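Computed from a predicted structure; not experimentally measured. The chain is numbered in sequence order, starting from 1.
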Amino acid sequence: MSDAHGTSGEDWADARGALWLAELDSYEQMLEPLGIALLDRAALQNGQHVADIGCGGGRTSRLAAHLVAPHGSVHGIDIAPMLMTEATRRAEAEGLRNLRFSTGDATSFVPEEAPFDRLMSRLGIMFFADPAAAFANLRRLLKDGGQADFAVWASPQDNLWMSGARAIVAEHIELPAADPLAPGPFALADPDRFAALLSGAGFPQVDMQAWYGPIGVGGAGSDAAKAAEFSLRAFSFATVLAGAEAGLEEAIREKVIAFFRQFETPDGVQVPGKAWLVRAMA
């Protein structure tokens, strides 16, 4: 989960992956509603063999493994080795024998059991440096007639949980101009562009559905202060704060706390978000 300037696969294999691992439980709690919506729409069945692309800490992989059990299997793939280590640990702790994880770049990685019945990804496909090549490889991972289900963020304007805090930082510190097509969380926000990429990769049938739901910034039960601390630590624009003078950093933090305060609920900070749930048939 980076800001709109772009985050490459190499970043995720190193610093961004380590940062995600450090905040893994908060991220997983934050993204749980979208992950559940993705799985509900995918309607996985017992006996299917599934690849979970950009699976991160493996939460959706574990849920999918339960859905396809006892005869199906799930293979989670991510470019961040530290996340694959933790995902494996969590799957083993849960006793899931039909789930495995591999470190690999989805642009080129082909697991030995490919092609799969199904592909899925919760927010793991927006960071490709060469999306056309990456989606062509994903098509190779899927059986003819198979189905892929993806969740990607809609526009920054529809996702104030990130863009609101980023705008506050930008008021005080110059940030690089955002490139909407650069690898990053909003790289596939344009549904027409995304559909064209999928069609060009060999997915002739593409169906997109808008998802609207709460984004629990900072994890379950967070308040405005925790949400601000999380966003300023975990989102990649936080790196610009590292060299800021103490007074400026504190001023930014107070404004971000005030921003998140309007979204406080008894269940924690809940900021409206929008994503696309995308079904692509091979």
**For the student: nearest non-hydrogen atoms of Ala129 and Pro183, plus distance** = CA-CG, 3.9 Å
**Request:** Mind telling me whether Phe135 and Phe194 have parallel, tilted or perpendicular rings, with 30° and 60° as the class edges?
**Result:** tilted
**Asked** Is Asp52 paired with Arg62 through a side-chain N to carboxylate O contact shorter than 4.0 Å?
**Response** no
**Request:** Starting at CZ of Phe116, measure out to CG of Leu141 and round the result to the nearest 0.5 Å.
**Result:** 6.5 Å
**Message:** With a 3.5 Å distance limit and no angle check, can you tell me whether Gln45 reaches the backbone of Ala43 through a side-chain donor-acceptor pair?
**Reply:** yes
**Heavy-atom donor-acceptor pair, Gln270 side chain to Gly216 backbone, under 3.5 Å** = no
**Request:** Could you label the plane-to-plane angle of the Phe203 and Phe150 rings as parallel, tilted or perpendicular, counting under 30° as parallel and over 60° as perpendicular?
**Result:** perpendicular
**Item:** Flag, side chain of Arg59 to backbone of Gln29, donor-acceptor distance under 3.5 Å
**Value:** no
**Request:** Decide, yes or no, whether a salt bridge links Arg253 with Glu250 under the criterion of side-chain N to carboxylate O below 4.0 Å.
**Result:** yes
**Message:** Whether the Gln48 and His71 side chains hold a donor-acceptor pair (N or O, under 3.5 Å, no angle test) is what I'd like checked.
**Reply:** no
**Message:** Using modelled atom types and a 3.5 Å cut-off, is there a donor and acceptor pairing between side-chain atoms of Asn137 and backbone atoms of Ala133?
**Reply:** no
**Complete:** Scanning both residues in full, the closest heavy-atom pair of Leu44 with Met120 reads CD1-SD, 4.2 Å
**Asked** Are any side-chain N or O atoms of Asp158 and backbone N or O atoms of Lys274, one a donor and one an acceptor, separated by less than 3.5 Å?
**Response** no
**Backbone N/O of Gly273 and side chain of Asn159: donor-acceptor pair under 3.5 Å** = no
**Message:** Donor-acceptor check, side chain of Asn46 to backbone of Leu67, threshold 3.5 angstrom: yes or no?
**Reply:** no
**Request:** For Asp105 and Ser108, test the side chains for any donor-to-acceptor distance below 3.5 angstrom and give the result as yes or no.
**Result:** no
**Item:** Residues Arg122, Asp149: salt bridge by 4.0 Å N-O rule
**Value:** no
**Message:** Quick check on ring-ring contact (aromatic ring centres under 6.0 Å, His included): which of Phe260, Trp153, Phe263 does Trp161 satisfy it with?
**Reply:** Trp153
**Candidate list Leu119, Leu123, Ile125, test side-chain contact (heavy atoms from CB on, under 4.5 Å), partner Ser121, passing option** = Ile125
**Asked** Between Glu86 and Arg90, does at least one N-O distance fall below 4.0 Å, as a salt bridge requires?
**Response** yes
**Prompt:** Got a salt bridge between Glu113 and Arg100, using NZ or NE/NH1/NH2 to carboxylate O under 4.0 Å?
**Reply:** yes
